[in-house]
Number of protein chains: 2
Amino acid sequence: MGQVDLRVVKTKEALHKALLTLLKNKPLEAISISEICRIAKVNRGTFYLHYTQVGDLFGEYFKEIMDDLANSYQEPYRHVAKLNPKKLNPSTVRIFHHVERYKEYYRIILSKNVPLTYYYLLLEEVKNLLTGNLEKDYKSAEGIDPNLQASYAANAILGIIIQWYQDDFEQKANYLNEQLVKILRLT
Amino acid sequence: MGQVDLRVVKTKEALHKALLTLLKNKPLEAISISEICRIAKVNRGTFYLHYTQVGDLFGEYFKEIMDDLANSYQEPYRHVAKLNPKKLNPSTVRIFHHVERYKEYYRIILSKNVPLTYYYLLLEEVKNLLTGNLEKDYKSAEGIDPNLQASYAANAILGIIIQWYQDDFEQKANYLNEQLVKILRLT
DNA sequence: ATTTTTATTGTACAACTGTTCAATAATTTA
DNA sequence: TAAATTATTGAACAGTTGTACAATAAAAAT
């Protein structure tokens, strides 16, 4: 496959850097393409050569975040080993610690004026984590659509994260993990 | 309180009608303020006198939809009377039938380029339905933040709705209610 | 019916958007 | 190193956005 053109690398770096600079002072939806290009010293036409919206640029960070989320899941985590393994077991995901680590990004992703795109990507990732590693020891219950169940469970966890976000991430990640365990024990 | 100025009523009606017309042919995020005003034969400045974004206009429909959702909950519904009343019991909500009724709107609300605002309003409404009617016979379990639990449960249901939306609302509302009951029985 | 209030209009302006195109510069390939 | 490729630039255009203001029309209040 063809080489990566250095010019493209430099342009994208400049645009990324400019976006990060701007994000310190204003929300994603208030940042214009012209503004980014002015700071990045990149021609506006060049922006359109690589992206179509400001959000596309942010989307590239998002992939990194999702990688960290996937890695979080691999980390050994013993706290909740006693939980029932027969169902989708969200508490084995170190997702709250991941969110805590990236909370500045989640403030953007979950802000009300941002499109649902990122939320859906996040939901998909969590669904994969919940099912991917569990379908071995987990046999789908009578007549339940596994996909539906996964969406149910994954979005439930996102519900906790949304609440956490709305509380401005005041509590510690460990606290939320404990809460989740308690909720799951309720039956 | 002061009368409702007839001019305002007429203007808003014209704008609403224009938005609905446009929505038949293109997604919400592709509709410009200028376009709406052109069709509605309303000066663009007048738009800004009442709204700030195209989304605000859509938001007024959204309120009606939420009213219907709240009403859905009041309707008698016997199918699932046998479910454990000790926990938040989402299956008593006729939310799937409501979504089925308004699916053309939910296609907009849940489309990926639309801001999270509507999703949050929906989540809040479902949370209220789940808690409002249940806190009587429901005593909060040991050390669980009720608000967190409500977000968990409400967003879980929205997870099912999202999946349903992504499947283009192929299944019947009754099927989803049955699935939910089965998922809840799993423990 | 007349006066008072105020919603709407038309116009204007600077900034942003999305796109096109030829000219130029930087990078890769041979 | 020279030639070929292609990313970037600058300029231009029609359309949108958000805002402001005086003039006008429509409605409410008396």
Side-chain angles (χ1 to χ4, degrees), chain A residues 1-61 108 111-118, chain B residues 1-60 63 108 111-118:
Chain A
M1 51 184 131
Q3 284 282 350
V4 216
D5 197 313
L6 281 185
R7 291 169 292 187
V8 177
V9 177
K10 277 196 245 172
T11 299
K12 289 196 171 183
E13 264 178 11
L15 290 173
H16 277 127
K17 205 169 159 187
L19 177 60
L20 279 193
T21 305
L22 287 167
L23 275 173
K24 284 174 190 154
N25 299 315
K26 53 170 83 176
L28 185 62
E29 71 271 13
I31 298 174
S32 72
I33 293 173
S34 302
E35 215 171 0
I36 294 172
C37 294
R38 220 176 295 129
I39 293 183
K41 294 194 175 71
V42 163
N43 190 277
R44 197 164 56 85
T46 309
F47 179 96
Y48 287 105
L49 243 35
H50 300 291
Y51 311 100
T52 65
Q53 308 169 347
V54 177
D56 296 345
L57 200 53
F58 182 73
E60 294 192 339
Y61 290 114
I108 298 169
S111 68
K112 66 181 177 36
N113 290 315
V114 146
L116 273 165
T117 329
Y118 310 119
Chain B
M1 54 183 130
Q3 284 283 350
V4 216
D5 196 314
L6 280 187
R7 291 170 292 186
V8 177
V9 177
K10 276 195 245 172
T11 297
K12 289 194 171 184
E13 263 178 12
L15 290 172
H16 277 126
K17 204 170 160 188
L19 177 59
L20 279 192
T21 305
L22 286 166
L23 275 174
K24 282 172 191 156
N25 299 315
K26 51 171 85 177
L28 185 62
E29 71 272 13
I31 298 173
S32 71
I33 293 173
S34 301
E35 214 171 0
I36 295 173
C37 293
R38 221 176 294 130
I39 293 182
K41 292 196 176 69
V42 164
N43 190 276
R44 197 163 56 84
T46 310
F47 180 96
Y48 287 104
L49 243 36
H50 299 291
Y51 311 100
T52 66
Q53 307 169 347
V54 177
D56 296 345
L57 200 53
F58 182 74
E60 294 191 338
K63 277 181 197 158
I108 298 169
S111 69
K112 68 180 176 38
N113 291 315
V114 146
L116 274 165
T117 328
Y118 310 118

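In what follows, every chain begins at residue 1, and chains take the letters A, B, ... in the order their sequences are listed.
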Send over the distance from [X] [atom1] to [N] [atom2], rounded to a whole Å.
X        : N       : atom1 : atom2 : answer
Leu49(B) : dT6(C)  : CG    : C1'   : 10 Å
Leu6(B)  : dA27(D) : CG    : P     : 6 Å
Ile36(A) : dC16(C) : CD1   : P     : 12 Å
Asp5(B)  : dA28(D) : CG    : P     : 6 Å
Phe47(B) : dA7(C)  : CZ    : C1'   : 16 Å

* Structure fact -> Numerically ordered, the residues 14-31 of chain A set in heavy-atom contact under 4.0 Å with DNA chain D is none
Give every donor-acceptor pair under 3.5 Å between a side-chain atom in residues 13-22 of chain A and any protein atom, sequence neighbours left out.
| residue | atom | partner | partner atom | Å |
| --- | --- | --- | --- | --- |
| His16(A) | ND1 | Lys12(A) | O | 3.1 |
| His16(A) | NE2 | Glu60(A) | OE1 | 2.7 |
| Thr21(A) | OG1 | Lys17(A) | O | 2.9 |

Any side-chain N or O of [X] less than 4.0 Å from the OP1 or OP2 oxygen of [N]?
X        : N      : value
Thr11(A) : dT8(D) : yes
Lys41(A) : dT8(D) : no
Lys10(B) : dT8(C) : no
His50(A) : dT8(D) : yes

* **Relative orientation of the end axes in the helix from dA1(C)-dT30(D) to dA30(C)-dT1(D), expressed as an angle to the nearest 10° (five pairs per end)** => 30°
* To do: Return each pair, listed once, that meets ring pair (Phe, Tyr, Trp, His ring centres under 6.0 Å) where at least one residue sits in residues 20-41 of chain A; pairs must be two or more places apart or across chains.
  => none
* Structure fact -> Sequence neighbours excluded, the answer for ring pair (Phe, Tyr, Trp, His ring centres under 6.0 Å) partners of His50(B) is none
* Spell out, as yes or no, whether a donor-acceptor pair under 3.5 Å connects the side chain of Thr117(A) to the backbone of Lys112(B). => yes
* Structure fact -> Here the side-chain hydrogen bond (donor to acceptor under 3.5 Å, both in side chains) pairs for residues 35-49 of chain A, sequence neighbours left out, are Lys26(A)-Glu35(A)
Determine the contact category for [X]: base if any of its heavy atoms lies under 4.0 Å from a base atom, sugar-phosphate if only primed atoms, P, OP1 or OP2 are that close, otherwise nothing.
X        : result
Thr46(A) : base
Asn43(A) : base
Lys12(A) : nothing

* **Pairing residues for Lys10(A) by the side chain to side chain contact (heavy atoms under 4.5 Å, CB included) criterion, not counting sequence neighbours** => none
Roughly how far apart are [X] [atom1] and [Y] [atom2], rounded to 0.5 Å?
X         : Y         : atom1 : atom2 : value
Tyr61(A)  : Leu23(A)  : OH    : CG    : 8.0 Å
Ile108(B) : Asn113(B) : CD1   : CG    : 13.0 Å
Tyr118(B) : Leu28(B)  : OH    : CG    : 5.5 Å

* **Sequence-distant partners of Asp5(A), salt bridge (Lys or Arg N to Asp or Glu O under 4.0 Å), two or more places apart** => Arg7(A)
Under 3.5 Å, N/O pairs linking protein and nucleotides 18-25 of chain C:
| residue | atom | partner | partner atom | Å |
| --- | --- | --- | --- | --- |
| dG18(C) | OP2 | Tyr48(A) | OH | 2.9 |
| dG18(C) | N7 | Arg44(A) | NH1 | 2.8 |
| dG18(C) | O6 | Arg44(A) | NH2 | 3.1 |

